[in-house]
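This structure is a prediction, so every number in the text was calculated from the model and none was measured.
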Amino acid sequence: MNSKLLLILGGLGVSAFAFLSIVFWAAVIYLNKKISVDILMLVIIILTVADLWRIDARGAKYHDAPEIKNQFEAPQYVTVIKSQNDKDPFRMLNLKQDKSLGSFSQNSNFNAYFLLEDFYGYSGIKPRAYQDIMDVVGPANPTLWRMLGVKYLVLDQPVQMGGITLLSGSEKTFVYRNDASLPRAYFVNKVEKKSGADVLNLIKENAFDPKEIAFVQDKDLKVDTLDSTASSKIIKYTDEKLQLDVNASGNNFMFFGSTYLPTGWKAFVDKKQTEILKTNHGFMGIVVPKGKHKVEFHYAPTSFYISKYIVLILSSLSILGIILGIFFERRNQKKVN
């Protein structure tokens, strides 16, 4: 093992042992009635705060080596994409094969550093539906780009393909805008029931227009076709929340291009919860009734809130226990005196 690492681990062990020793001997002295419970609690609180501060401060101290800083300078394609000043959320995809940071074979979520949503970002725990798409369809697919709002493509050579516009070109980097990309959420003209495998093959073959038709797996669904009055506008977009102002021309179907997670995402129309349907194999869709509405998709897993309130209750009880312990100890001391 590296000697520097051994020194660090040794230092951590000494600190932890010192804190535990102080608490142990303070408890022994208290049991021998040499100090009051107030002092014992004060010692424990001071040591706990000191230990938390020590651990928290560790991550804030680092050396910004020049080579690391240079690695995270914004590449030309990032500058080009950000210069477009997009107001609505979009995704980008770097298909370069030169193994540069952020490229297809060296992605490592590099583009997230520049607050760009990367269609091919890496995660060790990815949804099965997303992996199905990568296995069957692959990332280089115009229907997938259109359906999921992939607005910018970065390539290492020029291409001739309909529906894309060259924004910037150099010897090694070409940035294209995908003029066919759709918003993060949009109305679809009609809905059909199909299995996930069939949908994957239709995407792979570029055999349908995701703005014209969506596919659900769970039920036969009848919706109204759109007319010119149907519209949707994104009001707020964060990782866990999407809010829209919409106008439905009938009972219309809205597609939301984020991963379908039945135990986490909830959808609301005018604050009334509505059913989310698994759509186009791994994404979300809802039915919006005719008229103007506020639509919201909110990622709020029940398990998170249960855990949050359990921790809150237990922490409150612990604090209350300390306060009551000090109160009764002082009362007992007054009785003795």
Can you tell which of Tyr120, Phe119, Phe110 makes a ring pair (Phe, Tyr, Trp, His ring centres under 6.0 Å) with Phe104? Tyr120
Stepwise salt bridge (charged side-chain N to carboxylate O under 4.0 Å, His left out) check, Lys190 with Asp224: CA-CA 7 Å; Lys190 58 183 178 178; Asp224 299 325; over 6 Å; no
Pair Asn189-Glu212, side-chain donor/acceptor within less than 3.5 Å: yes
Before you tell me yes or no, could you show the steps for Asp88 and Arg184 under salt bridge (charged side-chain N to carboxylate O under 4.0 Å, His left out), namely the whole-Å CA-CA distance, both residues' side-chain angles and the distance that decides it to 0.1 Å? CA-CA 8 Å; Asp88 290 332; Arg184 186 55 50 90; over 6 Å; no
Would you tell me whether Thr165 and Asp179 have side-chain atoms, one donor and one acceptor, within less than 3.5 Å of each other? yes
Point-to-point distance, once rounded to the nearest 0.5 Å, from CG of Leu93 to CG of Asn141: 11.0 Å
side-chain contact (heavy atoms from CB on, under 4.5 Å) filter on Lys233, not counting sequence neighbours, yields Ile235
Joint hydrophobic cluster, Ile164 plus Leu166, side-chain heavy atoms closer than 4.5 Å: yes
Would you say the side-chain atoms of Asn107 and Asp118 include a donor-acceptor pair closer than 3.5 Å? yes
Would you compute the distance between atom CG of Leu167 and atom OG of Ser83 and round it to the nearest 0.5 angstrom? 7.5 Å
Under the criterion side-chain contact (heavy atoms from CB on, under 4.5 Å), I'd like the reasoning laid out for Phe283 against Phe255: C-alpha separation, chi angles, the key distance, then a yes or no. CA-CA 8 Å; Phe283 307 97; Phe255 175 83; 3.6 Å; yes
In this structure, is the centre-to-centre distance between the rings of Tyr186 and Phe256 below 6.0 Å? no
Hey, are Asn94 and Tyr152 close enough side-chain-wise for a donor-acceptor pair under 3.5 Å? no
Could you check whether Gln97 and Ser103, counting side-chain N and O atoms only, form a donor-acceptor pair closer than 3.5 Å? no
Output for pair (Leu148 CG, Ile133 CD1), nearest 0.5 Å, gives 6.5 Å
With salt bridge (charged side-chain N to carboxylate O under 4.0 Å, His left out) as the test, would you mind laying out the steps for Asp98 and Lys96 before giving the verdict? CA-CA 6 Å; Asp98 60 0; Lys96 293 180 67 174; 3.2 Å; yes
Could you check whether Glu205 and Asn201, counting side-chain N and O atoms only, form a donor-acceptor pair closer than 3.5 Å? no
Sequence neighbours left out, what pairs pass side chain to side chain donor-acceptor pair (under 3.5 Å) with at least one residue falling in residues 256-271? Asp270-His293
Group every Ile, Leu, Val, Met, Phe, Trp and Tyr by side-chain heavy-atom contacts under 4.5 Å, then state whether Leu155 and Val80 land in the same group. no
Could you go through the side-chain contact (heavy atoms from CB on, under 4.5 Å) check for Ile213 and Phe253 one step at a time? CA-CA 10 Å; Ile213 187 169; Phe253 190 78; over 6 Å; no
Any sub-3.5 Å donor-acceptor pair from Asp156's side-chain atoms to Thr173's backbone N or O? no
Report the C-alpha separation of Leu261 and Tyr299 in whole Å, then their side-chain angles, then the decisive distance to 0.1 Å, and conclude whether the side-chain contact (heavy atoms from CB on, under 4.5 Å) test is met. CA-CA 9 Å; Leu261 296 170; Tyr299 185 72; 3.9 Å; yes
Candidate pair Val28 and Phe24, rule side-chain contact (heavy atoms from CB on, under 4.5 Å), full reasoning: CA-CA 6 Å; Val28 170; Phe24 173 77; 3.9 Å; yes
Does OH in Tyr130 sit with more than 12 non-hydrogen atoms of other residues, nucleotides or ligands closer than 6.0 Å? yes
Heavy-atom count around Lys308 NZ within 6.0 Å, excluding the residue itself: above 12? yes
Looking at Lys204, I'd like to know if its NZ atom is crowded, meaning that more than 12 non-hydrogen atoms belonging to other residues, nucleotides or ligands lie closer than 6.0 Å. no
